Amino acid sequence: MAEDHDSAARRAETLREQIEYHNHRYYVLDDPEISDAEYDRLMSELEAIEREYPDLQTAYSPTQRVGSEPLAEFAELAHGEPMLSLANAFSEEALEDFDRRLREALDVQRVEYVGEPKLDGLSINLTYERGRLAGAATRGDGRVGEDITANARTIRSIPLVLLTDEPPERVEVRGEVVIRRSDFDRLNDQRLTRGEKPFANPRNAAAGSLRQLDSRVTARRPLTLFVFGIGECSRTLAGTHFGVLDVLRQWGFRVNERVEKVSGVAGCMDYHDRLIEDRDSLDYEIDGAVYKVNDRGAWRSLGTTARAPRWALAHKLPAREATTRVEAIIPSVGRTGVITPVADLDPVEVGGVTVSRATLHNLDEVHRKDVREGDMVMVRRAGDVIPEVVSVIESRRPEDATPWSMPAQCPVCGSEVVRIDDEAAHRCMGGLYCPAQRMGALMHFVSRRAMDIDGLGEKLIEQLVERERVSTAADLYRLTRSDLLGLERMGEKSSDNLLQAIDESRETTLPRFLYALGINQVGEVTARSLAEHFGSLEALMRADEESLTRVPDVGPVVAEAVRRFFGQSHNREVIDGLIDAGVTWPGPQAFDQGSGGRRLEGKTFVLTGALSGYTRDEARARIEALGGRVTSSVSGNTDYVVVGEDPGSKRDRAGQLGVTLLDEAGFEELTG
Ligand code: IVH
């Protein structure tokens with residue numbers, strides 16, 4: 001028994017080391033060595049041993065990273081050495097002053113610094129005793145913070161045991177806990193799908209997650225620690241700050257990859273400028289550069305003020321958030337017809353750029369944030385992305401501000417505005433006609449799988465639209481040689497080639513034509529199904545939603561989109577224009593169908609009585625689309641008689657001749 005226990009203890013120790021090794025590879029180095037499944041297997045084995053021998057379970061075991069019972073409140077935890085703040089500089093002059101003071105105090109020509117990004121998260125103080133995590137605290141007032149040890153244990157990038165055989169007796173490791181941008185987006189997506197309120201920014205998310213009384217909640221949040229230094233330490237780790245960071249890296253901590261030695265003011269400025277340049281590509285939020293004197297001997301001689309050390313400086317980057325007023329909320333129509341509410345702002349500088357518009361994404365977002373015209377709002381510019389309204393400052397709302405709503409008509413073309421089921425977006429239904437959608441609609445119309453007009457690219461279409469030669473697809477068929485000759489890079493030969501390509505595109509097929517119309521929700525496959533089912537454009541345009549949903553693969557969403565599209569008089573005018581311009585397609589039989597597509601070839605049908613789901617035309621189109629023929633009287637050559645409500649004498653005649661009778665269900669089965 002004792003032997004079993006001993007070998008279990010040894011195995012548990014090996015597993016713990018292996019798991020922590022893989023944690024480090026995954027969460028600190030971003031370079032996993034084993035699959036998730038293998039990792040889970042190691043973890044399950046360790047859990048099983050700890051279940052069997054509860055005395056082998058320790059607070060330093062990776063099995064403890066899932067969190068524990070909630071606390072009633074946080075206890076206080078004093079820091080060994082105070083956690084100071086940083087002096088700020090907002091300009092190059094302030095940096096020069098700082099550097100001059102240091103050169104004078106240290107009596108040197110040039111100071112060597114370590115440049116670090118100033119991460120925008122929360123600082124944490126981790127205490128390790130004999131290499132094991134013994135406590136974790138927030139900054140608090142700088143001397144005493146909140147004891148968040150249980151939460152810290154759940155953060156996988158915080159080693160529970162330092163990766164060294166010779167840890168100091170006691171050391172405080174300090175750093176910033178953040179949520180990386182990619183993790184933040186995923187976290188907010190999850191929250192939205194669960195109907196929870198998303199976090200306004202990664203910093204709030206990190207703060208809310210770290211200061212949780214229930215560490216099981218913290219365990220599920222994607223927190224990451226970047227270390228930037230040490231506090232109290234029972235022995236000297238290195239003579240320079242850079243050396244200390246190197247030791248921390250070896251112990252298993254994540255040190256920011258942008259940390260580097262820089263020399264003098266010029267080196268600092270260069271570091272600062274590079275950070276600004278690369279800011280958008282970083283996976284975490286930063287709000288400045290930090291310069292620290294590299295020589296730790298100098299730290300002692302320089303000392304600290306009550307607030308901050310004299311050997312470090314935070315050089316702020318321009319803020320990415322600002323408050324301003326929403327002058328108006330404008331529905332903006334994009335080239336696919338999606339209408340995006342955009343806030344027209346009182347111009348404000350954000351992150352070094354003047355911002356006068358910000359996206360509100362969609363109507364749900366406007367309502368969720370309850371943004372109204374006249375509101376004071378917080379706007380944010382993160383990277384190259386369009387600035388967005390983050391939140392409303394409700395205390396500053398004008399009394400007469402009213403909730404915003406989406407207009408019922410497209411502000412550009414006056415067509416109906418519809419929110420198709422299941423979509424967050426509102427769309428203008430005037431796809432063929434709406435000037436805002438012109439470029440998008442034309443590009444799609446001419447594309448290879450639609451009307452396939454070779455040689456008509458974006459640049460040419462742009463020029464034709466700008467010169468008002470083309471406003472809808474029908475205009476393409478009225479272009480003349482002289483219209484084209486004046487365009488960039490269009491000689492006689494290429495003009496003639498293009499005119500010929502346009503001319504040739506007149507002869508098309510119904511599926512291609514339907515696809516080319518760019519009806520929302522109707523891709524190539526649906527276009528083909530619609531064409532096959534209805535047989536003719538007229539039948540399709542007449543179809544109501546119910547008969548549309550009878551088409552294979554067409555659900556209520558597609559049916560609604562199709563019906564709305566054809567419901568717009570503007571769209572119908574453009575379609576008429578195309579047909580007038582000579583766009584044609586052969587009758588239903590000629591569809592180029594897949595195998596089994598013409599399975600009713602040679603079969604003759606007679607229709608009698610009213611079908612509930614189809615008009616006569618639709619039923620005929622369905623049969624013809626599959627290669628069958630419809631005649632008006634029953635004879636010995638008739639293969640099927642389709643019998644609806646109140647059939648006439650044709651049913652009796654079929655009975656006499658022994659012709660197969662089909663009711664509506666049978667008809668559907670045969671043609672479906
Ligand atoms: S050094 C005594 N380095 O900024 C030195 N702080 O304004 C104090 N911070 O509380 C910290 N990135 O939360 C240091 N690379 C970095 C930092 C950093 C972010 C935060 C930290 C600190 C605050 C001071």
Side-chain angles (χ1 to χ4, degrees), residues 79-90 94-95 98 102 113-126 136-146 148 152 155 157-158 171-180 201-207 209-211 223-233 240-242 244-246 248-249 253-262 268 271-272 274-276 278-279 282-296 298-317 319-320:
H79 309 309
E81 211 170 75
M83 288 180 83
L84 297 179
S85 187
L86 288 168
N88 285 321
F90 295 92
L95 165 63
F98 166 79
L102 292 195
Y113 298 99
V114 175
E116 300 174 12
K118 185 166 191 294
L119 302 186
D120 196 11
L122 281 99
S123 50
I124 192 169
N125 185 25
L126 304 169
T138 59
R139 179 165 180 274
D141 64 6
R143 300 190 172 276
V144 179
E146 284 171 326
I148 50 162
I155 300 174
S157 48
I158 295 183
V171 58
E172 289 182 318
V173 178
R174 293 175 174 179
E176 198 83 348
V177 174
V178 302
I179 290 187
R180 290 193 277 183
N201 55 49
R203 189 181 185 283
N204 286 7
S209 305
L210 194 61
R211 299 193 60 256
L223 295 165
T224 302
L225 171 72
F226 287 91
V227 296
F228 53 62
I230 54 173
E232 185 188 1
C233 188
T240 62
H241 177 56
F242 204 74
V244 167
L245 293 179
D246 206 38
L248 294 176
R249 198 182 284 114
F253 291 98
R254 181 192 284 268
V255 175
N256 194 284
E257 72 280 3
R258 305 280 313 216
V259 169
E260 58 184 85
K261 284 188 238 176
V262 293
C268 292
Y271 183 78
H272 173 263
R274 277 184 287 128
L275 267 191
I276 293 189
D278 300 344
R279 191 177 192 183
L282 301 177
D283 199 17
Y284 39 79
E285 307 268 333
I286 59 173
D287 57 358
V290 184
Y291 316 121
K292 297 173 183 169
V293 174
N294 192 21
D295 175 11
R296 283 177 62 94
W299 290 19
R300 270 184 298 278
S301 57
L302 290 166
T304 74
T305 68
R307 243 190 94 244
R310 291 201 182 84
W311 41 263
L313 184 73
H315 191 176
K316 291 297 195 120
L317 306 188
R320 305 244 247 184

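From a predicted model like this one, the values you see are computed outputs, not experimental measurements. Just follow the structure's listing: the first ligand is 1, and inside any ligand the first atom is 1.
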Visitor: Tell me every residue that passes salt bridge (charged side-chain N to carboxylate O under 4.0 Å, His left out) with R310, counting only those two or more places apart in sequence or in another chain.
Guide: none
Visitor: Run the ring-ring contact (aromatic ring centres under 6.0 Å, His included) test against H79 and tell me which residues pass, sequence neighbours left out.
Guide: none
Visitor: Determine, for E285 against R203, whether the closest basic-nitrogen to carboxylate-oxygen distance falls under 4.0 angstrom.
Guide: no
Visitor: Does E172 reach the main-chain N or O of E232 with its side chain, forming a donor-acceptor pair under 3.5 Å?
Guide: yes
Visitor: Evaluate the ring planes of Y291 and Y271, with Trp represented by its six-membered ring, and classify them as parallel (under 30°), tilted (30 to 60°) or perpendicular (over 60°).
Guide: perpendicular
Visitor: Mind checking what makes ring-ring contact (aromatic ring centres under 6.0 Å, His included) contact with F242, not counting sequence neighbours?
Guide: none
Visitor: N or O contacts of ligand 1 with protein under 3.5 Å, please list pair by pair.
Guide:
residue, atom, partner, partner atom, Å
ligand 1, 3 (N), K292, NZ, 3.0
ligand 1, 4 (O), K118, NZ, 3.2
ligand 1, 12 (N), L119, N, 3.1
ligand 1, 13 (O), S123, OG, 3.3
ligand 1, 13 (O), E176, OE1, 2.5
ligand 1, 13 (O), E176, OE2, 3.4
ligand 1, 15 (N), E116, OE1, 2.7
ligand 1, 15 (N), P117, O, 3.3

